[in-house]
Enquirer: 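Below is a structure I'd like to ask you about.
Residues take their numbers from the sequence shown, with the count starting at 1.
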Amino acid sequence: MRYAKPLEDLIEEFRKFPSIGPKSAQRMAFALLKKSPDQVSKFTRVVEDAKSQIAYCSQCFNLSSDQLCNICNDARRESSQICVIETVKDLMALERTHEYRGLYHVLGGVISPLDGISADDLNIQALISRVQALPDWTEIEIILAIGLSTEGEATMLYIKRLLENVIARNKSGEAIRIRVTRLAHGLPVGADLDYADEMTLTKALEARVLA
Ligand SMILES: [Zn+2]
C-alpha cells in the first residue's frame, strides 16, 4: 500500500536530508500537509530566499548574503590569525565562545579517500592563496581546528606540510613567518567541534600548541 504519488514524492524529498529516515520523512510530510496554504507559501518563500540570497564568502567560505561575510568585513577582527575549520557549524561553535577574534577559513570537509573526498574537493588551495596575499604582516598564525578523527588528523598534517612550503612576503619584501598551531587536547576524539561545550572549546583555543 503506497501513498498518493504527490505525497510519496514529498516524503522522498524529505528523505534526501541528512539524518532523516523514512519515519521522520513521513512525519515531516504530514506536518506540512496540515499547514494552511498561506503557511506553505511562506515556507516555500523562505526556502527560496535562503537559497537565492545566501552564498559562500569569497574569502573564508562562511555562508553570507554578501561577497564578504560579516566576519571578514569586520575591521576589528585580527586578520593575522586564520582559524581553519571543517564546516560553518564549527565556525558558529567557536564564535559562541566569544574568545576568538581572528578570521576563519572553512574547508568544507576533510580529506577522506573512502568517501571519495580529495584535497582538491576542499577549499585548501584557496587557503594557500589567501596566506600568500597577506602583505601587512611579518608573522601570521594559522590555527588548525579540525575534528580529531583519523581523516581530520590527516587533513591537518596535509595542510601543515603545504604551509611549510609556502613562501609569502610582506610589503617590505620580508618573508612572512607562518606559525601553524592546533587546538590543545581535551576535545572529544572523533566528534565534531560543535559537540564540544563552550568551556572546553575556549580552553582548547587558549592552550593551543604548535602543530
Ligand atoms: Zn568570510
Side-chain angles (χ1 to χ4, degrees), residues 1-73 83-97 104-127 145-156 158 187-201:
M1 167 75 186
R2 290 171 68 87
Y3 295 117
K5 177 80 168 52
L7 180 52
E8 285 286 344
D9 289 349
L10 186 58
I11 293 169
E12 186 52 36
E13 287 308 310
F14 280 125
R15 275 210 67 179
K16 293 175 185 169
F17 287 94
S19 335
I20 301 296
K23 287 251 166 63
S24 299
Q26 274 186 36
R27 275 201 297 274
M28 289 164 83
F30 280 111
L32 194 68
L33 289 181
K34 274 190 196 153
K35 290 184 182 293
S36 70
D38 276 357
Q39 288 171 318
V40 173
S41 301
K42 185 183 174 202
F43 178 74
T44 52
R45 196 172 61 246
V46 168
V47 172
E48 281 171 2
D49 285 354
K51 185 61 193 167
S52 65
Q53 292 168 21
I54 301 289
Y56 293 105
C57 169
S58 62
Q59 179 166 266
C60 76
F61 300 93
N62 183 11
L63 293 171
S64 173
S65 53
D66 295 306
Q67 207 207 343
L68 279 184
C69 71
N70 52 3
I71 295 174
C72 288
N73 243 335
C83 184
V84 179
I85 58 236
E86 283 176 57
T87 65
V88 173
K89 277 198 305 181
D90 297 337
L91 182 156
M92 299 305 278
L94 284 162
E95 281 298 284
R96 278 198 296 272
T97 68
Y104 292 97
H105 193 90
V106 184
L107 289 181
V110 284
I111 300 170
S112 176
L114 285 178
D115 301 312
I117 303 169
S118 73
D120 292 342
D121 298 313
L122 306 171
N123 301 319
I124 293 178
Q125 200 45 53
L127 172 68
I146 297 168
L148 299 177
S149 58
T150 314
E151 293 84 3
E153 292 283 0
T155 306
M156 286 196 270
Y158 180 84
L187 290 173
V189 174
D192 289 344
L193 221 59
D194 74 322
Y195 277 103
D197 63 90
E198 278 148 45
M199 187 51 85
T200 306
L201 212 46

Enquirer: What donor-acceptor contacts under 3.5 angstrom involve side-chain atoms of residues 16-27, with partners at least two apart or in another chain?
Expert:
from, atom 1, to, atom 2, distance (Å)
K16, NZ, E13, OE1, 3.4
K16, NZ, E13, OE2, 2.7
Q26, OE1, Y3, OH, 3.2

Enquirer: Does the Q59 side chain pair with the main chain of C72, one donor and one acceptor, at a distance under 3.5 Å?
Expert: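 Not confirmed, Q59 side chain does not pair with C72 backbone.
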
Enquirer: Taking atom CD as the centre, does Q67 end up with more than 12 heavy-atom neighbours from other residues, nucleotides or ligands that are less than 6.0 angstrom away?
Expert: no

Enquirer: Rounded to the nearest 0.5 Å, how far apart are CD1 of I146 and CG of L107?
Expert: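 With rounding to 0.5 Å, CD1 (I146) is 5.0 Å from CG (L107).
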
Enquirer: Any sub-3.5 Å donor-acceptor pair from T87's side-chain atoms to D90's backbone N or O?
Expert: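 Yes, because the side chain of T87 sits within donor-acceptor range (under 3.5 Å) of the backbone of D90.
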
Enquirer: Excluding sequence neighbours, so at least two apart, what forms salt bridge (charged side-chain N to carboxylate O under 4.0 Å, His left out) with E8?
Expert: R2

Enquirer: Tell me, which pairs form a side chain to side chain donor-acceptor pair (under 3.5 Å) where one or both residues lie in residues 29-49, sequence neighbours left out?
Expert: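 Every pair satisfying side chain to side chain donor-acceptor pair (under 3.5 Å) with a residue in residues 29-49: S36-Q39.
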
Enquirer: Closest approach of S58 and L68, non-hydrogen atoms and distance?
Expert: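 That would be OG-CD2, 3.9 Å.
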
Enquirer: Taking side-chain contact (heavy atoms from CB on, under 4.5 Å) as the test, write out the residues that go with L122, two or more places apart.
Expert: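 For L122 the side-chain contact (heavy atoms from CB on, under 4.5 Å) partners, ignoring immediate neighbours, are I111, I117, I124.
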
Enquirer: Quick one: pull up SG in C60 and CG in L127 and give me the separation to the nearest 0.5 Å.
Expert: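 Taking SG in C60 and CG in L127, the distance rounds to 11.5 Å.
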
Enquirer: Of all heavy-atom pairs between G147 and E86, which one has the smallest distance, and what is that distance?
Expert: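 Closest heavy-atom pair between G147 and E86: N-OE2, 3.0 Å.
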
Enquirer: Look up atom CG in L63 and atom CD in Q53, then write down how far apart they are to the nearest 0.5 Å.
Expert: 13.5 Å

Enquirer: Which pair of heavy atoms, one from A145 and one from I85, lies closest together, and at what distance?
Expert: O-CG2, 3.7 Å

Enquirer: If I compare all heavy atoms of C57 with all of C69, which pair ends up nearest, and what's the gap?
Expert: SG-N, 3.3 Å

Enquirer: Got I71 and Y104 here, is their nearest side-chain heavy-atom distance under 4.5 Å?
Expert: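 Yes, their side chains come closer than 4.5 Å.
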
Enquirer: How many angstroms lie between CG in L7 and CG in L32, if you round to the nearest 0.5 Å?
Expert: 10.0 Å

Enquirer: Enter the distance from T155:OG1 to E153:CD here, rounded to the nearest 0.5 Å.
Expert: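 Taking OG1 in T155 and CD in E153, the distance rounds to 9.5 Å.
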
Enquirer: Could you give all pairs that pass the ring pair (Phe, Tyr, Trp, His ring centres under 6.0 Å) test and reach residues 38-62, with sequence neighbours left out?
Expert: F61-H105

Enquirer: Measuring from Q125:CD to D120:CG, what's the distance to the nearest 0.5 Å?
Expert: 8.5 Å

Enquirer: Which is it for L148 and M156 under the side chain to side chain contact (heavy atoms under 4.5 Å, CB included) test, yes or no, and what are the steps along the way?
Expert: CA-CA 9 Å; L148 299 177; M156 286 196 270; 3.9 Å; yes

Enquirer: Holding to salt bridge (charged side-chain N to carboxylate O under 4.0 Å, His left out), I want the full list of residues that pass it with K5, two or more places apart in sequence or in another chain.
Expert: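 Here the qualifying residues are D9.
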
